[in-house]
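One structure is given below, encoded as structure tokens.
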Protein chains: 2
Amino acid sequence: MSRGTGVGSTSEARARLLSTATKIFYAEGIHSVGVDRIIAEAQVTRATLYRHFSGKEELVLAYLDQADRGIRAQTAAAEASSESAPDKVRAVSRSIAEGIRSPGFRGCAFLNAVAEYPDPAHPIHQAVLAHRQWFLDTVTELLARAGCEPADAAGRHLVMLRDGAMAAGCLFDPQLVCDTFLQGVEGLLQARTASAPAPSTTAFPPRA
Amino acid sequence: MSRGTGVGSTSEARARLLSTATKIFYAEGIHSVGVDRIIAEAQVTRATLYRHFSGKEELVLAYLDQADRGIRAQTAAAEASSESAPDKVRAVSRSIAEGIRSPGFRGCAFLNAVAEYPDPAHPIHQAVLAHRQWFLDTVTELLARAGCEPADAAGRHLVMLRDGAMAAGCLFDPQLVCDTFLQGVEGLLQARTASAPAPSTTAFPPRA
DNA sequence: CCTGAGGGAGAACGTTCGGTCTCTTTGAGA
DNA sequence: TCTCAAAGAGACCGAACGTTCTCCCTCAGG
């Protein structure tokens, strides 16, 4: 009844469904949440869910797709915020750290999802692999332009630090995790580049 | 004598149950595996499971406890295999890399479990936190004896690399992940130790 | 001998799961 | 005005979930 005013061509119920699924799947996991819970919280009937998605699996895929788009946009924005290639790497790393520090952080949505779908042939598993491949490629390209040699090894190193930071960010003190991560990135940039252009303030040798 | 589900029980059926649960939970996750599956594969009846464990949750806790004991033993063995403190760090890291390279590797049992139990108050979540705290303390102590300063930052850095390596080890080429991890550990040791030269020229070996 | 615990076999519990169904109401465009 | 897709409401399905139960067999210790 009093649902909404000016309903456009884009389905409002579908948007509510997806945003609710995103919130709950990320916060509580996938297998442990039933569709009853999602339709109740989205204030949508059962039939509406299956009108927009073929099943729970497609809803999960839509959730991951939305997370993927969000991360790509966030990364692009961070990349665009700096001029030099090394500073682009730093900006992307800082945006990752901001995510870890933000309230409600529950780790990497993709690492969490793949822990629940270990079968490599499963569509959800493959969606995670695709996202990770994009991130590795993006970051390797950035490091190459920053003069890191060899760029692929540097890219794997940066991804490894990110994975560790995302995994630990909701298990340890997020601030300490972010500090460790950003120090690691700085060390990586300085050690792998020949010229070693440091941003005057923070260096790898720690403060106190 | 031993009432309830004491750890010291010497029951043959219980051992079969636990080893089967370990295998299946690690390979396929926890929520997605029912007790029917476990009792069938362990060739044990339903009643026998509930004679030894109060429920599925206690079985999961026993699974994690067994994994914890295994990792502690493996770490102790690696530690004992070397003389100098820095070499002990290298030996522990190498044993981690061996695990990642070994067939059937499906990531860190604890990171996988905590992805399915995000609630910090849940006993399973807390078991993961306890294991991680032990590992951080162990590794920090080792790095302190290796002359790393400050040891706590170095410990967090090493744990972050390990977490990243364990997370990626079953998503990328394990060999590349191990190489990246061990290079990261070597760089950490050389950069954080006062005695080592550690100028940024030779901090990270460019290529193995 | 008897006893009693451990285990096998399996029925059954109530709940929740993901998914399908019918029927009605709504609201915007032709 | 009429039409039709979107959405609500909710009954319903078979299966799987974790759990409890009864009954019977076996075998070592008293």
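Below, chain A is the first sequence line, B the second, and so on; all start at residue 1. All values below come from the heavy atoms of this structure, side chains included, with hydrogens, waters and symmetry mates left out.
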Could you pull out the protein-nucleic contacts involving nucleotides 28-30 of chain D (nitrogen or oxygen on both sides, under 3.5 Å)?
none

Check your understanding: Quick one: CD on A/Q66 to OG1 on A/T22, what's the gap to the nearest 0.5 Å?
Key ->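 The OG1 atom of A/T22 is 4.0 Å from CD of A/Q66, to the nearest 0.5 Å.
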
For [X] and [N], give me the distance from atom [atom1] to atom [atom2], rounded to whole Å.
X     : N      : atom1 : atom2 : value
B/E12 : C/dA5  : CD    : C1'   : 17 Å
B/R14 : C/dG8  : CZ    : P     : 15 Å
A/R37 : C/dG18 : CZ    : C1'   : 16 Å

Exercise for review: Kindly check if the number of other-residue, nucleotide or ligand heavy atoms within 6.0 Å of CD (B/Q43) is above 12?
Suggested key: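 Open.
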
Check your understanding: For the side chain of B/K88 and the backbone of B/A146, is there at least one donor-acceptor N/O pair under 3.5 Å apart?
Key ->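 Pair absent, no side-chain N/O of B/K88 close to backbone of B/A146.
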
Exercise for review: May I ask you to decide if B/V92's main-chain N or O and B/S95's side chain share a donor-acceptor pair within less than 3.5 Å?
Suggested key: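 Confirmed, B/S95 side chain pairs with B/V92 backbone.
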
Exercise for review: May I ask you to establish whether A/R156 and B/F172 are in a cation-pi arrangement, using a distance under 6.0 Å from NZ or CZ to the six-membered ring centre and at most 45° from the ring axis?
Suggested key: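 No, A/R156 and B/F172 do not form such a contact.
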
Review point. Can you tell if the side chain of B/P120 reaches within under 4.5 Å of the side chain of B/Q126, non-hydrogen atoms only?
Key: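 No - every pair of side-chain heavy atoms lies 4.5 Å or more apart.
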
Name every donor-acceptor pair, under 3.5 Å, that has one atom in a side chain of residues 101-115 of chain B and the other anywhere in the protein, sequence neighbours excluded.
{"from": "B/S102", "atom 1": "OG", "to": "B/G99", "atom 2": "O", "distance (Å)": "2.7"}
{"from": "B/N112", "atom 1": "ND2", "to": "B/R106", "atom 2": "O", "distance (Å)": "2.8"}
{"from": "B/N112", "atom 1": "ND2", "to": "B/C108", "atom 2": "O", "distance (Å)": "3.4"}

Check your understanding: Does the distance from a Lys or Arg side-chain N to an Asp or Glu carboxylate O, for A/D36 and A/R46, drop under 4.0 Å?
Key ->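 The answer is yes: the pair qualifies as a salt bridge.
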
Point to revise | Check ion pair B/E98-B/R94 (N to O, under 4.0 angstrom) | key: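 So B/E98 does not pair with B/R94 through a salt bridge.
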
Check your understanding: So, do B/H125 and B/Y117 have ring centers that fall under 6.0 Å from each other?
Key ->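 For B/H125 and B/Y117, the ring centres are not under 6.0 Å apart.
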
Check your understanding: Picking from B/T140, B/I96, B/L143, B/L142, what satisfies side-chain contact (heavy atoms from CB on, under 4.5 Å) with B/L158?
Key ->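 Option passing the side-chain contact (heavy atoms from CB on, under 4.5 Å) with B/L158: B/L143.
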
Practice item. Using the side-chain contact (heavy atoms from CB on, under 4.5 Å) rule, pick out the option among B/V60, B/L64, B/T20 that qualifies with B/F25. Key: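 Considering B/V60, B/L64, B/T20, a side-chain contact (heavy atoms from CB on, under 4.5 Å) with B/F25 is found only for B/V60.
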
Review point. Which residues pass the side-chain contact (heavy atoms from CB on, under 4.5 Å) test with A/T48, sequence neighbours left out?
Key: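 Partners of A/T48 under the side-chain contact (heavy atoms from CB on, under 4.5 Å) test: A/A13, A/V44, A/T45, A/R51, A/H52.
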
Check your understanding: Below 4.0 angstrom from OP1 or OP2 of C/dG6, is there any side-chain N or O of B/T48?
Key ->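 Answer no for this pair, as no side-chain N or O of B/T48 is under 4.0 Å from OP1 or OP2.
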
Tabulated below should be each protein N or O lying under 3.5 Å from an N or O of nucleotides 10-16 of chain C; please produce it.
none

Check your understanding: Got a sec? Which of residues 49-64 of chain A come in under 4.0 Å of DNA chain C, heavy atoms?
Key ->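 Within this stretch, A/Y50, A/G55, A/K56 sit under 4.0 Å of the strand.
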
Review point. Per the end-axis method with five pairs at each terminus, what is the bend angle of the helix from C/dC1-D/dG30 to C/dA30-D/dT1, to 10°?
Key: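 That helix has its two terminal axes inclined by roughly 10°.
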
